[in-house]
Amino acid sequence: MSSHDIQQIEHETLRLWEHAFEPNPVPGEKFYLNVAYPYPSGAMHVGHGRTYIAPDVIARFQRMQGRTVLYPMAFHVTGAPVIGISRRIARNDPKAVALYRDLYRVPPDVLAQFTDPLAIVRYFSDEYERVMRACGISIDWRRRFTTVDPPYSRFIEWQWKHLGDEDHVIKGAHPVRYCPACDNPVGDHDLLEGEKAEILQFTLVMFRYHDALIPTATLRPETIYGVTNLWVNPDTIYVRTLVDGMPWIVSREAARKLALQDHTVEITGEVAGQELIDQVVSHPLCGEVPILPARFVEPDMASGIVMSVPAHAPFDYIALRDLQEEGIYAGIAPVPIISVPAYGDVPAKDAVERARIKNQDDPRMEALTQEVYSAEFATGRLYERYGGEPVRQARDTVAAMMTAEYGSIPMYEFDTRSVVCRCGGQVFVRILHDQWFLQYSDPAWKSQVIEHLDTMTLVPPEVRAEFERTVDWLKDWACTRKVGLGTRLPWDPAWLIEPLSDSTVYMAYYTIAHHLKRVSPDLLTPEVFDYIFLGKESPSLPDRETLDLMRREFLFWYPYDFRFSAKDLISNHLTFQLFHHVAIFPRSLLPRGMVVFGMGLLNGAKMSSSKGNVFLLEDAIREFGADTVRMFLVGSAEPWQDFDWRNELVASTRRQIDRFSSTIEELRMATGIPGDIDRWLASRLQGHIERMTGALDRFQTRQALQEAFFGIESDIRWYRRRLPAGSAGSSYLRALSSVWVRLLAPIIPFTCEHLWKSLGEDGLVSYAPWPVPDPSLGDAERELTEDLLARTVEDIESILKIIPLTPSAIIIYTAPAWKREIFVTVAAADNKGTVVKEIMKDTGMRRRGKEVPDTVRQCTTLIHKLPPHIISRLIQGMPDEELLFLNAAGFLEKEFGVPVTVRDAGESTHPKAVLALPFKPALVVE
RNA sequence: GCGAGGGUGUCUGAGCCUGGCCAAAAGAGCCGGACUUAAGAUCCGGUCACGAAGGUGUUCAUGGGUUCGAAUCCCAUCCCUCGCACCA
């Protein structure tokens with residue numbers, strides 16, 4: 001078929017479908033599936049395509065089975081990304097302009113409007129709808145909305161009122177990555193450098209120095225007992241400050257950081273690191289210790305001053321040793337306080353000496369430090385005189401004690417140096433206040449989710465472990481923001497609800513979205529939604545009739561049956577939505593299942609718009625046709641596997657569809673009288689129907705395609721081979737065509753809609769009844785004998801292939817009756833060891849002597865090689881092989897072009913004839 | 001580093017749970033043949049090695065182990081993908 005024909009068919013079909021998939025509640029079964037809605041900030045590529053096409057295949061399959069199917073779509077617009085994009089467009093940022101103008105091909109006049117963030121989402125939402133329609137995705141577009149539409153905001157307010165009323169939202173402080181230049185928290189996407197930086201909580205240990213305090217930052221407060229000295233960098237100028245009114249000495253960088261972490265900081269003077277050297281400081285838990293110089297101390301790390309525990313910190317140990325090798329500070333010795341099984345008394349010394357470290361500049365020091373810390377954390381224990389606790393507990397105990405009694409406070413710092421914002425400025429840790437959190441840490445809430453998760457269908461089943469881990473691992477989630485698009489928090493309108501938190505129960509909103517478009521948003525009070533979703537009465541509800549309509553429609557669709565999403569959302573969105581559902585909806589309305597998708601690759605590399613490695617879905621449709629795109633995307637891998645888009649592979653998919661079309665066109669012309677081989681074809685078809693249906697029930701789109709496309713195709717190939725010369729097949733092929741077109745309709749609906757019409761059928765194939773296997777057409781006996789014939793043909797072919805002579809005749813020797821008896825006995829025997837003895841009890845058998853055990857052995861080998869379903873069938877009764885081959889002699893002669901004779905091996909003296917076994921005749925080629 | 005999932009022939013990818021149907025489905029690619037003025041499409045055959053009889057040998061990330069028998073079970077190692085939080 002030419003590209004033009006395909007476009008013509010697609011165009012016509014789309015007109016038929018315009019309003020074909022707009023379901024309303026009707027009696028009977030429903031099926032509600034939905035997909036995580038897209039954030040429309042760019043054009044769709046083929047990776048997005050599969051996310052919506054695979055569910056569409058399921059939607060169409062369910063619809064043909066007679067269910068009322070809802071597949072809705074909306075657009076997620078809340079958050080900050082489009083705001084950033086619009087700014088970059090406004091600034092004429094070359095990268096942004098290139099992406100939108102060249103890759104996404106946004107027309108210049110439209111691009112000019114992109115300085116308005118809403119213009120971006122409007123443009124791409126429309127594009128999404130257009131392209132999704134062009135893919136044949138059977139969405140009910142009446143329900144489309146965006147998450148900044150006023151009715152949706154009313155809905156979110158209702159949702160959050162519940163979350164708030166039920167104490168799932170708490171207020172607190174929260175350390176975040178923060179860019180002072182932008183005056184904003186920064187996420188991973190906003191960073192030039194240090195994406196993986198984690199925020200660590202250090203404990204500041206307050207040492208007294210005359211009338212001032214010197215805070216040292218540590219991750220291991222329990223080592224305070226082993227402190228022998230402090231380290232300062234002699235080349236650094238430290239500052240004297242008033243922190244919350246108290247005089248502190250810290251690095252200049254630290255002063256700046258503390259100011260972002262809830263402290264008032266006033267710099268009052270400077271003090272050179274050199275000046276501090278050899279001064280003495282004190283702490284109640286370790287007494288008086290001196291300050292020593294060390295080059296490894298970084299002023300930009302935490303407070304810029306470090307406490308030294310040479311017995312347990314390799315850095316401290318080696319820095320001290322370096323000094324002592326210069327002959328100074330000889331009086332200071334490591335003070336061990338922790339016992340670690342795999343190390344000596346002084347673990348740091350042990351480790352340094354084992355690794356033969358020369359000095360503190362050795363590059364292996366980082367790794368060594370990690371090693372000692374891990375060992376102590378895992379297996380270390382404080383000495384009895386320091387409490388005797390395991391390190392992992394002592395750490396918290398000591399920190400709490402120092403906080404309560406010795407003025408310690410936390411200080412936050414990154415675990416990696418150099419965290420840089422996209423604006424180029426350095427990023428710091430800042431404590432945000434009055435931040436609202438969803439309390440996912442709540443054990444009661446978690447256990448409700450786990451309990452419900454147990455009842456859900458998860459596809460593929462392997463993801464269950466990951467969901468369970470995620471629920472277990474989730475901590476409180478900062479759910480409000482200052483910037484971006486979104487709905488304001490009802491009880492604290494200074495905050496916006498964060499984008500992952502306003503998209504958790506919108507699947508319920510879809511069920512009434514089209515009705516809400518006719519209602520004034522002002523009427524949508526929490527009471528109204530309480531009535532619609534929870535059936536809760538309250539006085540003075542407006543327009544009761546409309547509310548009842550919506551209540552009925554919601555109850556018709558909910559709970560949803562399946563939610564589809566890529567696997568990267570397991571650890572946030574997919575799990576969040578379970579938390580929110582269990583918090584708000586009664587048990588009977590909780591989600592039933594989820595299907596998790598793999599990722600998309602393009603020519604083996606990850607698809608990424610920013611790297612330009614994308615193939616736009618619309619281009620793919622134009623170049624190959626929508627059905628080809630669909631069939632490739634759902635047929636090259638199962639939905640949960642990653643798939644790789646390669647144009648040359650897609651091109652061959654296109655040929656397969658063409659082949660299917662022309663085969664159907666040929667088949668429907670056949671008018672012959674159905675014969676024996678038609679019974680075989682019909683029987684096989686029932687199996688394909690059953691297996692394809694099963695595959696789609698399990699969301700195995702690839703498996704389904706293999707079964708229905710290639711499975712049926714190869715049957716037809718064999719069928720045609722078996723037809724007498726000149727025959728084009730029987731009128732049964734017409735019935736087969738009807739089944740075949742319907743089976744493939746969910747996957748390649750455009751082609752099938754067209755073929756359905758050319759078969760003369762009425763109505764849309766999209767609503768045609770799904771084929772059901774007809775047991776009366778099943779003929780296992782016929783399939784078995786055909787299988788034997790095909791195996792025999794293969795055997796003959798492989799013989800012909802290796803012998804260099806031109807055959808003049810083929811003789812088939814079928815196994816004699818007594819061998820069939822043995823075969824059945826062996827196949828049915830539970831104990832293969834005693835089977836020979838059993839058989840030899842028969843006097844007739846005994847007379848055959850050595851032939852019998854030989855045959856038993858051959859049969860055993862053969863039985864192992866045959867599929868179990870064949871064996872169990874053969875036990876019930878061996879086919880009449882002689883009759884089979886006699887009937888097929890004409891076919892075999894046509895195939896091989898030589899006379900074929902069939903004989904009973906028992907009546908022949910040919911040396912090969914003794915090889916004959918049941919289901920494996922001896923063959924002689926002359 | 002931690003958590004989850006994976007590594008199969010030229011490629012995509014079945015099989016692995018429940019060990020003998022496995023030289024390992026199916027598709028793609030490639031090679032050869034038929035058809036055609038030719039190309040494409042289509043059809044037929046081949047595609048680990050060896051073989052003048054339907055077989056034999058070696059293979060399923062690597063190295064061990066269990067078993068009469070391992071792609072499948074156990075242990076170790078290496079490699080890949082996703083997630084690790086305020087971001088859609």
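Below, chains carry the letters A, B, ... as their sequence lines are ordered, and counting in each starts from 1.
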Looking only at side-chain atoms of [X], point me to the closest of [options].
{"X": "A/Arg659", "options": "B/A28, B/G46, B/G54", "result": "B/A28"}
{"X": "A/Glu797", "options": "B/G54, B/A14, B/G45", "result": "B/G45"}
{"X": "A/Ala465", "options": "B/G46, B/A88, B/G5", "result": "B/G5"}

Under 4.0 Å between any heavy atoms, over every strand shown, what does [X] touch: base, sugar-phosphate, or nothing? Just pick one.
{"X": "A/Asn572", "value": "base"}
{"X": "A/Ile570", "value": "nothing"}
{"X": "A/Ile803", "value": "base"}
{"X": "A/Leu500", "value": "base"}
{"X": "A/Arg702", "value": "base"}
{"X": "A/Ile871", "value": "nothing"}
{"X": "A/Val925", "value": "base"}

Out of A/Phe579, A/Tyr440, A/Phe576, A/Phe437, which residue meets the ring-ring contact (aromatic ring centres under 6.0 Å, His included) rule with A/Trp477?
A/Phe576

Respond yes when some side-chain nitrogen or oxygen of A/Lys912 is under 4.0 Å from OP1 or OP2 of B/G54, and no when none is.
no

Below 4.0 Å: OP1/OP2 of B/C21 and any side-chain N or O of A/Arg791
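For B/C21, neither OP1 nor OP2 has a side-chain N or O of A/Arg791 closer than 4.0 Å.
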
Across all strands shown, which nucleotide pairs with [N] by Watson-Crick or G-U wobble geometry, both distances under 3.5 Å?
{"N": "B/G45", "result": "B/C31"}
{"N": "B/U59", "result": "none"}
{"N": "B/C78", "result": "B/G7"}
{"N": "B/C17", "result": "none"}
{"N": "B/G83", "result": "B/C2"}
{"N": "B/A23", "result": "none"}

Atom NZ of residue position A/Lys482 - does it have more than 12 heavy atoms of other residues, nucleotides or ligands inside 6.0 Å?
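More than 12 within 6.0 Å, yes.
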
Give a yes or no on whether the ring-centroid distance for A/Tyr506 and A/Tyr37 is below 6.0 angstrom.
yes

Rounded to whole Å, how long is the line connecting atom NE2 of A/His573 with atom P of B/G83?
16 Å

Between CH2 of A/Trp477 and P of B/G83 the distance, given in whole Å, is 13 Å

Distance, P atom - from B/A76 to B/G3, rounded to whole angstrom:
14 Å

Looking only at atom types and distance, does a side-chain atom of A/Lys446 sit under 3.5 Å from a main-chain N or O of A/Val471, one as donor and one as acceptor?
yes

Between the main-chain N or O of A/Trp740 and the side-chain N or O of A/His688, is there a donor-acceptor pair closer than 3.5 Å?
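Looks like no, no N/O pair under 3.5 Å.
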
